[in-house]
2 protein chains.
Amino acid sequence: MIENIENLKEILRAKNIRLSHQRLKVLEYLAQNKTHPSVDEIYSELQKSIPSLSRTTIYNTLHMLKEAGLVNVLTIGDSEARYEIIAENHGHFKCTSCENIFDFSLSVEEIESSDLADFDIKERDVYFRGLCPDCLESDRKDSEK
Amino acid sequence: MIENIENLKEILRAKNIRLSHQRLKVLEYLAQNKTHPSVDEIYSELQKSIPSLSRTTIYNTLHMLKEAGLVNVLTIGDSEARYEIIAENHGHFKCTSCENIFDFSLSVEEIESSDLADFDIKERDVYFRGLCPDCLESDRKDSEK
DNA sequence: GTTCCTGCAAAAGCTTTGCAGAAGA
DNA sequence: TCTTCTGCAAAGCTTTTGCAGGAAC
């Protein structure tokens, strides 16, 4: 299971990437929080245990983890990027009201198009937007007033 | 056919949106250039015929056209947004080398997931990334050297 | 001891905001 | 005439860059 922090460290070691305290904390945070956090969310949380932490390090680390193939970047029509540990194929649903991102199961391999026969596809993202059940419910209650 | 400029004007009139010179030019540009242009590309081109044009107007217009349901915004892991006239369902492939965006046919309705039974899906985007045929070819030639 | 990483400060890039003058209906 | 749009200047946000000191191995 990739989310195991020891496995993650092993992967980095295999790629000759130094296991700094900051990097391990970022990885650990992503492994434990499947909330598709933004740089700022990661920063705010980790700063509690690493007071000297800087946002630059978060950016550096996330770029490196993306390069190493351990994290995905999500940019769903948003100002700030969101990050996640690479996981099984799934799509992302972003609620336009509460801004939360929800995963949904999906085999992206099923999505093929003969138009792309000569293309080398390296990443596949499926992004949906709309209202999540909670926000739909709130809307309903509001309109009853 | 939605790309017809007269039809586009009709749609705006029906929504009580004023048909300013700038707006019509932006619409016309998008209808004639299926290249998923950025704000800057639209600005640079239209500025030739409207010297006083400002980027703010491009932003205002694109927001309004999106609101009116006439354009789509694409944010494929990119710094700047790209725009297109709404068209048949299709996916987008972005070449990570030349940065061009290619359309490919796709029925997004086919992409369903029981996980989203209680969600209200309003927009569906399928984004692929990788290398386009031309860049693959260049790579091949480079490695032969 | 080397090499690479961290974090600060500053800058860069895209987008938004406020507002006065201009244009659309 | 009344309302709405345009375009300027300035600000806002996220992200990147350069570099000196510090940590990893």
Side-chain angles (χ1 to χ4, degrees), chain A residues 8-29 36-68 70-83 94 99, chain B residues 8-29 36-68 70-71 73-83 99:
Chain A
L8 294 168
K9 283 162 82 168
E10 206 48 59
I11 293 168
L12 292 184
R13 258 193 290 266
K15 293 184 187 257
N16 277 322
I17 294 169
R18 291 192 182 173
L19 282 66
S20 75
H21 184 218
Q22 288 85 340
R23 287 176 175 174
L24 292 176
K25 282 295 183 183
V26 170
L27 256 185
E28 189 183 63
Y29 184 84
H36 317 88
S38 64
V39 165
D40 225 63
E41 284 165 345
I42 302 171
Y43 171 75
S44 299
E45 184 56 33
L46 298 189
Q47 211 219 9
K48 293 175 187 168
S49 58
I50 315 171
S52 68
L53 187 63
S54 94
R55 253 171 268 262
T56 304
T57 298
I58 309 287
Y59 280 107
N60 287 341
T61 300
L62 291 170
H63 289 166
M64 178 236 95
L65 291 173
K66 164 141 187 56
E67 205 59 36
L70 291 178
V71 311
N72 256 340
V73 188
L74 308 179
T75 50
I76 315 185
D78 218 346
S79 41
E80 3 103 280
R82 309 282 207 97
Y83 297 83
K94 175 159 188 185
E99 308 253 289
Chain B
L8 294 168
K9 283 162 82 167
E10 205 48 59
I11 293 170
L12 293 184
R13 258 193 290 267
K15 294 184 185 257
N16 277 323
I17 294 170
R18 291 191 180 173
L19 283 64
S20 75
H21 184 218
Q22 288 85 340
R23 287 176 175 174
L24 292 176
K25 283 295 184 183
V26 170
L27 256 185
E28 188 183 65
Y29 183 85
H36 317 89
S38 64
V39 165
D40 226 64
E41 285 165 345
I42 302 172
Y43 171 75
S44 300
E45 184 56 34
L46 297 189
Q47 211 219 9
K48 294 176 187 168
S49 59
I50 314 172
S52 67
L53 187 63
S54 95
R55 255 171 267 263
T56 304
T57 299
I58 308 288
Y59 280 107
N60 287 341
T61 300
L62 290 170
H63 288 166
M64 177 235 94
L65 291 173
K66 163 140 188 56
E67 205 59 37
L70 292 178
V71 311
V73 188
L74 307 179
T75 50
I76 314 185
D78 218 346
S79 41
E80 3 101 282
R82 310 280 207 97
Y83 297 83
E99 308 254 289

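Computation of the quantities below employed the complete heavy-atom set of this structure, encompassing side-chain atoms and omitting hydrogens, waters and symmetry-equivalent molecules. Note on naming: letters A, B, ... go to the chains in the order of the sequence lines (proteins, then strands), and numbering restarts at 1 for each one. Remember, predicted model here, so these are calculated numbers, not experimental data.
Rounded to an integer number of Å, the gap from A/Arg82 CZ to D/dT15 P is 11 Å. Atom CG in B/Asn60 sits about 15 Å away from atom C1' in C/dA23, given to the nearest Å. The CD1 atom of B/Ile50 sits 10 Å away from the P atom of D/dT6 (whole-angstrom rounding). Rounded to whole angstrom, the span from the CG atom of B/Leu62 across to the P atom of D/dT6 amounts to 11 Å. B/Ile17 has its CD1 atom 15 Å from the C1' atom of D/dT3, to the nearest Å. Atom CD of B/Glu67 and atom P of C/dT16 are 12 Å apart (whole Å). For A/Leu27 and C/dC5, the CG to P distance is 14 Å, given to the nearest whole Å. As a whole-Å value, the separation of B/Lys25 NZ from D/dT6 C1' is 17 Å.
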Would you mind writing out the side-chain donor-acceptor pairs for residues 12-21 of chain B within the sub-3.5 Å range, not counting sequence neighbours?
| unit_1 | atom_1 | unit_2 | atom_2 | d |
| --- | --- | --- | --- | --- |
| B/Lys15 | NZ | B/Ala68 | O | 3.2 |
| B/Ser20 | OG | B/Arg23 | N | 3.2 |

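Among residues two or more places apart in sequence or in another chain, the side chain to side chain contact (heavy atoms under 4.5 Å, CB included) test is passed with A/Ser79 by none. Residues meeting the side chain to side chain donor-acceptor pair (under 3.5 Å) test with B/Tyr43, sequence neighbours left out: B/Gln47. Not counting sequence neighbours, B/Glu67 has no partner by the side chain to side chain contact (heavy atoms under 4.5 Å, CB included) test. A/Glu45 is linked by a salt bridge (Lys or Arg N to Asp or Glu O under 4.0 Å) to A/Lys48, counting only residues two or more places apart in sequence or in another chain. Looking at residues two or more places apart in sequence or on another chain, you find a side chain to side chain donor-acceptor pair (under 3.5 Å) between A/Asn72 and A/Glu84.
Between atom CG of residue B/Leu74 and atom OG1 of residue A/Thr75 there is a gap of 10.5 Å, rounded to the nearest 0.5 Å. For the atom pair NZ (A/Lys94) and CZ (A/Arg82), the distance works out to 5.0 Å, reported to the nearest 0.5 Å. Atoms OG1 and NZ, on A/Thr57 and A/Lys25 in that order, are 15.0 Å from each other to the nearest 0.5 Å. The distance from atom CD1 of B/Ile42 to atom OG1 of B/Thr61, rounded to the nearest 0.5 Å, is 9.0 Å.
Overall bending of the helix from C/dG1-D/dC25 to C/dA25-D/dT1, expressed as the angle between end axes built from five pairs apiece, is 40° (10° steps).
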Which protein N or O atoms sit under 3.5 Å from an N or O of nucleotides 19-24 of chain D?
| unit_1 | atom_1 | unit_2 | atom_2 | d |
| --- | --- | --- | --- | --- |
| D/dA24 | N3 | A/Arg18 | NH1 | 3.2 |

Within the sub-3.5 Å range, which N or O atoms of nucleotides 10-14 of chain C have a protein N or O partner, and how far apart are they?
none

For this session: Give the C-alpha distance, both sets of side-chain angles, the deciding distance and a yes or no for side chain to side chain contact (heavy atoms under 4.5 Å, CB included) between A/Val73 and A/Leu62.
Result: CA-CA 9 Å; A/Val73 188; A/Leu62 291 170; over 6 Å; no
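Looking at which nucleotide of DNA chain C each of A/Tyr43 and A/Met64 is closest to, the 5′-most match is held by A/Met64. Nearest-nucleotide positions on DNA chain C for B/Val39 and A/Arg55 put A/Arg55 closer to the 5' end.
If you check every strand for non-hydrogen atoms under 4.0 Å, A/Arg23 touches sugar and phosphate atoms only. Backbone-only engagement by A/Ser52 is indicated by non-hydrogen atom pairs under 4.0 Å involving sugar-phosphate atoms exclusively.
The salt bridge (charged side-chain N to carboxylate O under 4.0 Å, His left out) pairs that include a residue from residues 50-66 of chain B are B/Asp40-B/Arg55, B/Lys66-B/Glu123, where partners are two or more places apart or lie in different chains.
For D/dT15, the OP1/OP2 oxygens have no side-chain nitrogen or oxygen of A/His63 closer than 4.0 Å.
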